[in-house]
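For reference, the structure discussed in these notes is given below.
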Number of protein chains: 2
Amino acid sequence: MTAETDDDTRPATISRVAELAGVSRATVSRVMNGSSTVAPHLAERVRAAAATLNYQPSVLARSLAVGRTSTIALVVPDLANPMFQDVLRSLSHAAATQGHRLLVADSEENVAEERLIAVEARRRCDGLVLCAPRMPDSELAALAPQLAPFVLVNREAPDLSVPSVNVDYAAGIRDLVSHLIGLGHRKVAYLAGPPTSSSNQLRLSTLRGFAAAGRLDLVEHECGATFSDGHAVAGRLIDDVCTAVIAYNDLVAFGALSGLHELGVSVPQQISVAGFDDIPFARYTTPPLTTASVPPSEIGERAWHRLWALLNGQQPEPDARFRPRLVVRGSTGPAAAWS
Amino acid sequence: MTAETDDDTRPATISRVAELAGVSRATVSRVMNGSSTVAPHLAERVRAAAATLNYQPSVLARSLAVGRTSTIALVVPDLANPMFQDVLRSLSHAAATQGHRLLVADSEENVAEERLIAVEARRRCDGLVLCAPRMPDSELAALAPQLAPFVLVNREAPDLSVPSVNVDYAAGIRDLVSHLIGLGHRKVAYLAGPPTSSSNQLRLSTLRGFAAAGRLDLVEHECGATFSDGHAVAGRLIDDVCTAVIAYNDLVAFGALSGLHELGVSVPQQISVAGFDDIPFARYTTPPLTTASVPPSEIGERAWHRLWALLNGQQPEPDARFRPRLVVRGSTGPAAAWS
DNA sequence: TTGTAGGCGTTATCAT
DNA sequence: ATGATAACGCCTACAA
């Protein structure tokens, strides 16, 4: 005696509630949304029916009807990177305060699929926050129409009028260099990040500017963006006669710190090490890491505000640019004669 | 002369493509889904029309029609915790290999809102991976019907038949204790995590078992789950006469390590420190941290497989239980006379 | 092989 | 204040 007509297993629909309450679907909808005025006794009947059927409106159907999902997407190149984890966290938090959820997509540094991932993620949501430091400008420009409304994090929007939230890497590097020069350092190594990373290029050109101005001797090492990269390059550091190292980011600096430690090189007595980002653990390395602090949680928050403005049809605000704050800790010290 | 009828700004619909191609919507649908056999010349016309209109099927409408979103939700209590970040990353990766996206919701340790967040997140998706270590069993049981299909991470499902992926904390603790006892330690401090955390309770009861058996003297310190918690408790550690410390997790162990360092206590000469989890940085602390390694990336992957099985109507597989692997590094050493 | 028509579960407009 | 009814955009029997 299986009842095919009243299937209790499938989620209740607005129609079943309406039927049980003896009203129209429209009335149920009004009650569920607390909208307009519904006669109290009817509203009560509806609520009772909804309760007994354990009715929950379908988010999907509602989204289709109203034309928005209350969801935004975040696309990052590497979820293992603390920077993006922080952006993720703060973005999720900020969006949640306005009742929005976050869909996360990790392109896993796969530049080829990145565009597909971004487009697909965007299409599930109302908007997008895009972290794509390696994507060529041309490709980004071509994609822009499909991604809108969206905001960029950590990269400039060349011509297109896309709001972006980014970090003044040049200023951060300048502060670090000034700090090191003040400590008497002249020969400085730079552990370069991914060559295609725009933020790496910014760091590098700033450093080269100092070198060109004769203010320091710059030694460049191809490195990467991870702990392992920094760790691996430590050996080459002792071949240099540099007294200080600036790493692409804190992770790389960590790796270098660890590698140098294993090689018996003392920091900062023999060599100073500086990072970039100020990720949470930066203050807890031994020695604690001198770095340029960029507040990733503010980045996520700001990105949300930008996107929220766009979603509401407001004009995109001017780009936000965070100036990193120099944080001097124990990993940098006075330059010493190397040998 | 604004044309209201053919609005180019709004995304193209299947109807407009059908119209332009001179076919029915059904045919367009078939072409877009690569399904069944459509006459080549018609298919070509459809593709051309879709291209000129820049048509992309609405994910939303499609989801409503087919009854699934190809999206799963992850609810975690704290996105700042490396453990959950790893689960997030691996889950995202695993789900992506099967064409599914991940919606992330951070309950931010807010137990009160956690149930609402979980239910709401679940309703946007096809399934849910729930990390809710503090949620009372009763509440979880009450919520289960609304959350299904879902899998639990890092907590048991008492009676309800919900697959769970968890860690054999007792075994991990046993390994750590055996290791310490082997080094001659007798008096051991435990830096307890959040009291309501079920995994903390497991750790604790295992430790108390050793104590009850007379195999070690146990000193319990209320602590927490973060670096700061561990850092703050370091001072109390030197008041004990313990020769070893087991921390609730690696973060706490880090904090303790850092605090002890500042207090001039040398590890492991004066006191041994062990963590739990083996988060990425554990191998890079000074000294590197001895810990019970639980592979968070495997957790996410396994959780996905469980959920995927559920989504396909398969019977839930038996619970997965990862036995942590003891990783001995530099932070533990032979017990020394304290004074 | 192609088209017609109904349904997915809401919301919103417009009568009443 | 309430109820038909038509979107929202797509899929899918079923029919032709």
Side-chain angles (χ1 to χ4, degrees), chain A residues 4-7 9-47 49-50 53-71 120 122-126, chain B residues 4-7 9-47 49-50 53-71 120 122-126:
Chain A
E4 292 284 329
T5 44
D6 46 273
D7 186 342
T9 67
R10 285 191 321 183
T13 71
I14 197 173
S15 297
R16 307 213 313 187
V17 175
E19 186 182 12
L20 180 58
V23 299
S24 72
R25 297 195 307 258
T27 298
V28 175
S29 175
R30 287 192 265 260
V31 172
M32 296 308 291
N33 296 326
S35 91
S36 61
T37 48
V38 175
H41 69 285
L42 274 194
E44 196 42 52
R45 285 221 312 261
V46 169
R47 266 187 284 271
L53 290 180
N54 219 310
Y55 168 68
Q56 301 278 94
S58 156
V59 186
L60 224 52
R62 172 170 230 283
S63 293
L64 183 61
V66 302
R68 62 192 158 69
T69 64
S70 296
T71 301
E120 205 263 351
R122 163 63 184 85
R123 297 193 46 252
R124 293 178 182 271
C125 305
D126 301 337
Chain B
E4 292 284 327
T5 44
D6 46 272
D7 185 342
T9 67
R10 286 191 319 183
T13 71
I14 195 174
S15 297
R16 305 213 314 185
V17 175
E19 186 182 12
L20 180 57
V23 299
S24 72
R25 297 194 308 257
T27 299
V28 176
S29 174
R30 288 191 265 258
V31 172
M32 297 308 292
N33 297 328
S35 91
S36 62
T37 48
V38 175
H41 68 285
L42 274 194
E44 196 42 53
R45 284 222 313 260
V46 168
R47 266 187 284 272
L53 291 180
N54 220 310
Y55 169 69
Q56 300 279 94
S58 156
V59 186
L60 222 54
R62 172 170 228 287
S63 294
L64 183 60
V66 302
R68 64 193 155 69
T69 64
S70 296
T71 301
E120 204 264 349
R122 163 62 185 86
R123 297 194 45 250
R124 294 178 182 270
C125 306
D126 300 337

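Basis for what follows: all heavy atoms, side chains included, without hydrogens, waters or symmetry-related copies. Just so it is clear, the model here is predicted, and its values are computed rather than measured.
- The CZ atom of A:Arg16 sits 11 Å away from the P atom of C:dC8 (whole-angstrom rounding).
- Nucleotide C:dT10 holds its P atom 9 Å from the CG atom of B:Leu64, rounded to whole Å.
- Rounded to an integer number of Å, the gap from B:Leu42 CG to C:dG3 C1' is 11 Å.
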Please lay out, stage by stage, how B:Arg30 and B:Leu42 fare under the test side chain to side chain contact (heavy atoms under 4.5 Å, CB included).
CA-CA 11 Å; B:Arg30 288 191 265 258; B:Leu42 274 194; over 6 Å; no
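- Using five terminal pairs a side, the axes of the helix from C:dT1-D:dA16 to C:dT16-D:dA1 at its two ends make an angle of 40°, given in steps of 10 degrees.
- Between A:Arg45 and A:Thr27 there is no side-chain heavy-atom pair separated by less than 4.5 Å.
- Rounded to a whole Å, the CZ atom of A:Arg45 is 13 Å from the C1' atom of D:dA1.
- Phosphate proximity of C:dG3 to B:Thr27: present, with a side-chain N or O under 4.0 Å from OP1 or OP2.
- Between the CZ atom of A:Arg68 and the SG atom of A:Cys125 there is a distance of 14.0 Å, given to the nearest 0.5 Å.
- Nearest approach of B:Ala61 to B:Ser58, heavy atoms of both residues: N-OG, 3.0 Å.
- Taking atom CZ on A:Arg68 and atom P on C:dT10, their separation rounds to 16 Å, with Å as the unit.
- The minimum heavy-atom distance linking B:Val46 with B:Ala21 is given by the pair CA-CB, 4.0 Å.
- Distances shorter than 4.0 Å separate none of the side-chain N or O atoms of B:Ser58 from OP1 or OP2 on D:dG9.
- You'll find the side chain of B:Val31 reaches within 4.5 Å of the side chain of B:Arg47, heavy atoms only.
- If you check every strand for non-hydrogen atoms under 4.0 Å, A:Leu60 touches nothing.
- In this structure, CZ in A:Arg62 is found 10.0 Å from CZ in B:Arg124, a value given to the nearest 0.5 Å.
- At least one donor-acceptor pair under 3.5 Å links the side chain of A:Ser63 to the backbone N or O of A:Val59.
- B:Glu19 is linked by a salt bridge (Lys or Arg N to Asp or Glu O under 4.0 Å) to nothing, counting only residues two or more places apart in sequence or in another chain.
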How would nucleotides 11-16 of chain C be written as a contact map, 5' to 3', with B for base contact, S for sugar-phosphate-only contact and - for no contact, using protein heavy atoms under 4.0 Å?
BB----
